[in-house]
Amino acid sequence: MNIFRFAGDMMHLLSVVVLLLKIHKMKSCAGISLKTQELYALVFICRYLDIFTGFISLYNTIMKIVFLASAFSILWYMRSHKVVRQTYDKDQDTFRHYFLILACMVLALLVHHKFTFREVMWTFSIYLEAVAILPQLVMLQRTRNIDNLTGNYVFFLGTYRGLYMLNWVYRYLTEVHYHHRWLTWISGFIQTALYADFFYYYVKSWRNNEKLQLPA
Amino acid sequence: NESDDSHDEL
């Protein structure tokens with residue numbers, strides 16, 4: 001495992017920790033899109049179908065369990081916790097995320113590397129992950145006061161796939177048996193590019209020492 | 001192994 005992949009994973013982990021910290025300590029999920037969180041839970045379920053059958057390393061297995069467990073605990077907090085669920089801003093979270101699921105499933109059935117159940121579900125999870133942030137980005141744009149934890153959560157999440165792209169380039173150059181996975185590369189690129197606007201305003205607010213606010 | 005190389009990532 002190279003430094004880019006590891007740094008990417010740590011960014012991903014950090015984003016989840018920051019979000020759970022906000023929810024657990026502040027007892028608030030204000031500004032967080034439940035729809036994005038539902039999509040991530042679905043992404044992890046479909047991608048980690050091999051969690052008990054395909055062992056790669058202890059690191060991989062532990063990380064998979066952590067991502068699955070954290071995704072479901074976030075969903076539980078936002079839907080069922082008696083204090084946290086009242087801070088969920090349902091009226092701002094209006095993205096039709098079922099259309100994303102449907103579109104990604106159709107695309108996965110049409111464009112994949114291999115037509116097997118495992119592979120199509122894996123491909124679906126790659127496509128869905130690329131666009132899962134959209135409901136959250138729409139919600140951020142509607143939120144006048146984005147708190148630091150929410151801003152950092154989205155920033156870490158955006159950085160993670162960007163680092164994965166460096167990891168793919170590195171593996172492509174250094175590993176003889178590493179196959180060119182154009183499907184993942186394109187999805188990863190789109191996933192990172194969706195954050196471009198957010199990154200711009202995040203860095204700007206950080207440099208000017210101002211509160212983060214996205215233009216409507 | 002053709003299909004496994006990209007599934008070693010998270």
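Numbers restart at 1 for each chain; the letters A, B, ... are given by sequence-line order, proteins then strands.
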Who among A:Arg5, A:Met63, A:His12 has the most heavy-atom pairs with chain B under 4.5 Å? A:Arg5
Would you check if the distance from the ring center of A:Phe155 to the ring center of A:Trp206 is below 6.0 Å? no
Should we count OH of A:Tyr170 as having more than 12 external heavy atoms under 6.0 Å? no
Examine A:Arg85 relative to A:Tyr88 and say whether NZ or CZ is less than 6.0 Å from the centre of the six-membered ring and inside a 45° cone about the ring axis. no
Can you say whether A:Phe44 sits under 4.5 Å from chain B via the side chain, the backbone, both, or neither, judging by heavy atoms? neither
Find the distance between CG (A:Leu214) and CG (A:Leu137) and round it off to the nearest 0.5 Å. 8.0 Å
Heavy-atom contact with chain B under 4.5 Å, split by part of A:Tyr160: side chain
Given heavy-atom pairs under 4.5 angstrom as the criterion, report whether the side chain, backbone, both or neither of A:Asp9 touches chain B. side chain
